[in-house]
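None of the values given here were measured: they were computed from a predicted structure.
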Amino acid sequence: MSSFRNAISRRAYKERAQPESRKKFGLLEKHKDYVVRAQAYHKKEEALRKLKEKASFRNPDEFYFKMNKARIVDGVHRPKSEANKYSPEELMLMKTQDLGYVLQKVQSEKKKIEKLTAMLHSLDNQPKNKHVYYAEDREEAREIRAESSRGGNLPSLDGVPNQIKRKTSASYRELEARKKRVNGLEKLYMDMALQKELQKKGRKRKLREDEIVSPTSKPVYKWRAERKR
């Protein structure tokens with residue numbers, strides 16, 4: 001029965017447009033537009049009702065522990081600063097863990113570089129084939145030496161497939177990128193190690209440029225000698 005009802009052609013329903021006298025008010029709002037606007041309005045109305053209900057039942061003597069870590073500034077709760085959240089010992093431990101992670105990544109990248117270097121080979125530096133020729137006299141030896149010098153050029157890369165060339169060039173690019181990454185990680189490791197040493201106890205000062213024996217772009221510190229028990 002439903003298939004027969006769908007087989008009958010029916011006139012498509014059309015909503016009326018905005019009358020000519022009301023064109024200045026824009027498009028005429030359809031029922032689906034009204035539904036969306038009404039749902040948004042009632043949602044905001046319900047949120048306001050819940051907030052008013054919470055405010056009416058609020059106990060002025062209530063307390064929760066987060067009040068100890070916040071204060072009211074211009075009627076707004078502001079949490080206290082957590083700049084000194086961790087003790088120096090905890091900060092030192094986190095620095096040590098970060099250093100260990102960076103060192104692990106440096107070692108991992110170096111192993112990958114060694115593996116790539118061992119796998120790759122340069123086609124421009126192929127080893128020369130050795131062949132021993134025997135001559136009866138010096139003249140024949142000079143002729144053999146001249147022929148070998150003329151034909152001793154390395155084979156060209158014309159016979160190598162393009163796919164292998166692309167893979168080789170991509171591997172070389174990866175090798176250079178890993179070398180740059182290792183250099184950056186090593187610099188980061190040195191900086192983090194210096195910051196960790198500066199956080200340790202003991203009097204220290206930064207040396208001036210005229211006091212540095214080997215000039216360097218990085219800062220150099222000197223610790224005061226202390227007697228160890």
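- Residues Glu186 and Lys110 meet the side-chain proximity criterion, which asks for heavy atoms closer than 4.5 Å.
- The pair Glu62-Arg58 meets the salt-bridge criterion, since a charged nitrogen lies less than 4.0 angstrom from a carboxylate oxygen.
- Between the CE atom of Met119 and the OG1 atom of Thr168 there is a distance of 8.5 Å, given to the nearest 0.5 Å.
- Around the NZ atom of Lys30, the shell of radius 6.0 Å holds more than 12 heavy atoms that belong to other residues, nucleotides or ligands.
- Closest non-hydrogen pair, Leu185 versus Glu109, comes out as CD1-CG, 4.2 Å.
- Between Leu103 atom CG and Gln107 atom CD the span is 4.5 Å, to the nearest 0.5 Å.
- For Tyr64, the OH atom sits in a packed shell: over 12 heavy atoms of surrounding residues, nucleotides or ligands are nearer than 6.0 Å.
- The 12-atom threshold is exceeded at NZ of Lys196, counting heavy atoms of other residues, nucleotides or ligands nearer than 6.0 Å.
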Query raised in the report: Run the side chain to side chain contact (heavy atoms under 4.5 Å, CB included) check on Arg78 and Ile72 step by step: do they pass?
Result: CA-CA 6 Å; Arg78 302 287 184 183; Ile72 297 178; over 6 Å; no
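- At least one side-chain heavy atom of Val102 sits less than 4.5 Å from a side-chain heavy atom of Met192.
- The aromatic rings of His31 and Tyr34 sit tilted, their planes meeting at an angle between 30° and 60°.
- Atom CG of Asp74 has 12 or fewer heavy atoms from other residues, nucleotides or ligands within 6.0 Å.
- Crowding of Glu139 atom CD: a count of heavy atoms from other residues, nucleotides or ligands under 6.0 Å not exceeding 12.
- Side-chain contact between Glu20 and Lys23 is present, with at least one heavy-atom pair separated by less than 4.5 Å.
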Report task. Test salt bridge (charged side-chain N to carboxylate O under 4.0 Å, His left out) on Glu29 and Arg37 and set out the steps. Result -> CA-CA 10 Å; Glu29 184 184 37; Arg37 182 168 57 85; 2.9 Å; yes
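- Between Lys111 atom NZ and Glu114 atom CD the span is 8.5 Å, to the nearest 0.5 Å.
- By the 6.0 Å contact criterion, NZ on Lys204 is enclosed, its count of non-hydrogen atoms from other residues, nucleotides or ligands being greater than 12.
- Annotation: Leu51, atom CG; neighbour count of heavy atoms from other residues, nucleotides and ligands within 6.0 Å is above 12.
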Requested in this report: Starting from the C-alpha separation in whole Å, work towards a yes-or-no answer on salt bridge (charged side-chain N to carboxylate O under 4.0 Å, His left out) for Glu46 and Arg49.
Outcome: CA-CA 5 Å; Glu46 183 66 17; Arg49 187 190 65 78; 2.5 Å; yes
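- A single hydrophobic cluster is seen to contain both Leu116 and Val182, as judged by linkage of ILVMFWY side chains at heavy-atom distances under 4.5 Å, directly or through other members.
- Between Phe25 and Gln18, the closest side-chain pair of non-hydrogen atoms falls below 4.5 Å.
- The distance from atom CG of Leu175 to atom NZ of Lys180, rounded to the nearest 0.5 Å, is 11.5 Å.
- For the side chain to side chain contact (heavy atoms under 4.5 Å, CB included) with Tyr189, the lone residue among Leu194, Leu99, Asp98 that qualifies is Leu99.
- In this structure, Gln195 CD and Met190 CE are separated by 12.5 Å, a value rounded to the nearest 0.5 Å.
- In this structure the side chain of Phe63 reaches within 4.5 angstrom of the side chain of Asn68, judged on heavy atoms.
- You'll find the side chain of Glu53 reaches within 4.5 Å of the side chain of Phe57, heavy atoms only.
- Without hydrogens or angle criteria, Ser108 side chain to Gln104 main chain gives no donor-acceptor distance under 3.5 Å.
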